[in-house]
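See below for the structure under consideration.
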Amino acid sequence: MVYDVIIIGAGPAGLTAGIYAKRAMMNTVLIEKVGIGGQIMKTHKIENYPGYPQISGIELMQKMEEHAKKFDVETTFSEVLEIKDRGDVKTIITSDNEIETRTVIIATGTSPRRLGVPGEANFTGKGVSTCATCDGFFFRGKDVALIGGGDSAIVEAIFLTKMVNKVYVIHRRDELRAEMINQKRAFDNPKIEFVWNSNVQSIEGNDMVQKITVKNKITEEVTQLDVSGVFMYVGVDPNTGFINADKDNSGFLKTSPDLSTSIPGIFAAGDCRVTLLRQVATAVGDGALAAVSAQRYIGTLSN
Ligand code: NAP
């Protein structure tokens with residue numbers, strides 16, 4: 001059997017593509033590697049998805065999953081290893097089987113980037129985390145460090161102040177990348193102390209994290225901070241290693257206005273593509289457009 005569309009990734013973009021594809025009567029399957037929801041499941045509070053002035057990532061994704069189920073979007077769990085382009089038909093090779101389809105929508109999102117400093121790998125799960133929403137609870141009343149200056153870093157630093165004693169936000173520049181509303185909240189929060197122009201050199205401890213060494217880029221001063229936890233928010237890398245379409249230098253897929261990639265019949269939606277803005281609202285719009293573009297592409301095929 002040959003599907004009309006295979007959607008890879010069950011975050012906001014993939015689930016939306018599934019809803020649109022099923023409502024267009026396309027023979028659809030959604031392939032997910034880990035679990036429904038994607039990275040937004042790690043966000044404790046979303047305030048900029050219209051219709052929900054405040055909602056958690058988990059709750060929003062539960063609603064999207066229910067919505068997709070209502071339209072019988074079939075979901076299967078396995079890892080996509082490769083896509084073979086055979087012209088009008090593509091073969092998706094997964095960890096379990098091979099599936100044929102006329103079109104593919106890649107909605108695989110991103111994964112948290114690692115810093116690569118000594119101690120980071122060894123202490124992962126022992127004080128080093130990429131998810132404050134998941135792990136913040138373990139650091140009640142303690143001092144923690146958080147690395148990064150983007151929206152994820154600042155939103156999660158503010159979240160951590162609800163349970164920890166103090167959050168050192170360590171940023172490599174003297175200005176944040178985060179939205180102004182998030183910056184203001186962080187600057188006004190007495191539990192957040194900014195460590196500017198600084199990089200983490202190492203993470204140390206015995207069984208668990210006990211301290212980090214930080215170097216100021218301008219003064220070259222090296223200091224140690226006693227912390228029990230280190231939260232990494234230094235950006236994201238796209239999950240696009242399995243596909244050979246055109247990408248930018250960071251691996252994000254290049255797309256045309258209809259979200260087609262450089263391979264005819266393969267589309268990209270959401271955070272995994274080159275875009276100016278990575279939000280739930282933009283991912284949802286991408287999912288809708290990619291499904292409609294896939295439907296139109298099928299209309300151009302000979303059979
Ligand atoms: P991001 O915006 O790319 O920010 C990454 C941060 O990590 C930057 O401050 C960057 O510093 C820093 N960084 C990168 N590499 C580093 C290194 N090797 N050493 C030290 N610092 C390093 O990533 P993100 O915060 O994960 O956000 C990803 C996307 O999701 C963005 O488009 C963001 O706007 C969006 N998002 C939005 C919200 C929201 O509430 N609106 C919430 C979460 C995420 P520089 O600034 O110096 O480059």
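Whatever order the structure lists ligands and atoms in, that order sets their numbers, starting from 1. All heavy atoms count here, side chains included; hydrogens, waters and symmetry mates do not.
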For [atom], which protein heavy atom lies nearest, and how many Å away is it?
atom                    : answer
atom 48 (O) of ligand 1 : R177 NH2, 2.6 Å
atom 16 (C) of ligand 1 : R172 NH1, 3.3 Å
atom 19 (N) of ligand 1 : L115 CD2, 3.3 Å

Could you tell me which atoms of ligand 1, counted from 1 in the order shown, lie closer than 4.0 angstrom to a heavy atom of [X]?
X    : answer
Y233 : 6 (C), 7 (O)
G149 : 6 (C), 8 (C), 9 (O)
R173 : 45 (P), 46 (O), 47 (O)
Q279 : 34 (O), 35 (C), 36 (N), 37 (C), 38 (C), 41 (N)
E179 : 39 (C), 40 (O), 41 (N)

Proximal candidate to [atom] [heavy atom criterion; set [options]]:
atom                    : options          : value
atom 3 (O) of ligand 1  : G116, G57, G235  : G235
atom 25 (O) of ligand 1 : A281, S198, S152 : S152
atom 38 (C) of ligand 1 : D151, V234, T110 : D151

**Message:** Using the rule side chain to side chain contact (heavy atoms under 4.5 Å, CB included), only one of I147, V209, N122 pairs with I203; which is it?
**Reply:**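 Single pass found, and it is V209.
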Ligand 1 contact on [X] by region, counting heavy-atom pairs under 4.0 Å:
X    : result
T43  : neither
R278 : both
L176 : neither
E47  : neither

**Request:** Give a yes/no verdict on whether any heavy atom in N48 is under 4.0 Å from an atom of ligand 1.
**Result:**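 Yes, N48 has heavy atoms under 4.0 Å from ligand 1.
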**Prompt:** Looking only at atom types and distance, does a side-chain atom of T124 sit under 3.5 Å from a main-chain N or O of E120, one as donor and one as acceptor?
**Reply:**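 At least one qualifying donor-acceptor pair exists.
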**Message:** Treating N165 as the side-chain partner and G141 as the backbone partner, does any N or O pair qualify as donor plus acceptor under 3.5 Å?
**Reply:**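 No, N165 side chain to G141 backbone: no donor-acceptor pair under 3.5 Å.
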**Prompt:** Are F231 and F159 close enough that their ring centres sit under 6.0 Å apart?
**Reply:**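 Not close enough - the centres of the two rings lie 6.0 Å or further apart.
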**Message:** Checking the N or O distance criterion of under 3.5 Å, is ligand 1 in contact with G150?
**Reply:**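 There is such a contact, yes.
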**Asked** Can you name the residues that form a side chain to side chain contact (heavy atoms under 4.5 Å, CB included) with Q295, not counting sequence neighbours?
**Response**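 Q295 satisfies side chain to side chain contact (heavy atoms under 4.5 Å, CB included) with A24, M26 once adjacent residues are dropped.
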**Message:** Same cluster or not: I31 versus M64, using hydrophobic residues (I, L, V, M, F, W, Y) connected whenever any side-chain heavy atoms lie under 4.5 Å apart?
**Reply:**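 No.
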**Message:** Could you tell me if the side chain of T130 sits less than 4.5 Å from the side chain of K42, heavy atoms only?
**Reply:**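 They are in contact (side-chain heavy atoms under 4.5 Å apart), so the answer is yes.
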**Prompt:** In this structure, are over 12 heavy atoms from other groups packed under 6.0 Å from D237 atom CG?
**Reply:**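 Yes, CG of D237 has more than 12 neighbouring heavy atoms, counting only those of other groups under 6.0 Å.
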**Asked** Do the rings of Y49 and Y52 sit parallel, tilted or perpendicular, given the 30° and 60° boundaries?
**Response**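 Ring orientation of Y49 relative to Y52: parallel.
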**F187 and W196 aromatic ring geometry - parallel, tilted or perpendicular at 30°/60° bounds** =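 Geometry flag for F187 against W196: tilted rings.
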**Request:** Could you please spell out the steps behind the side chain to side chain donor-acceptor pair (under 3.5 Å) verdict for S260 and D258?
**Result:** CA-CA 6 Å; S260 55; D258 67 350; 2.6 Å; yes
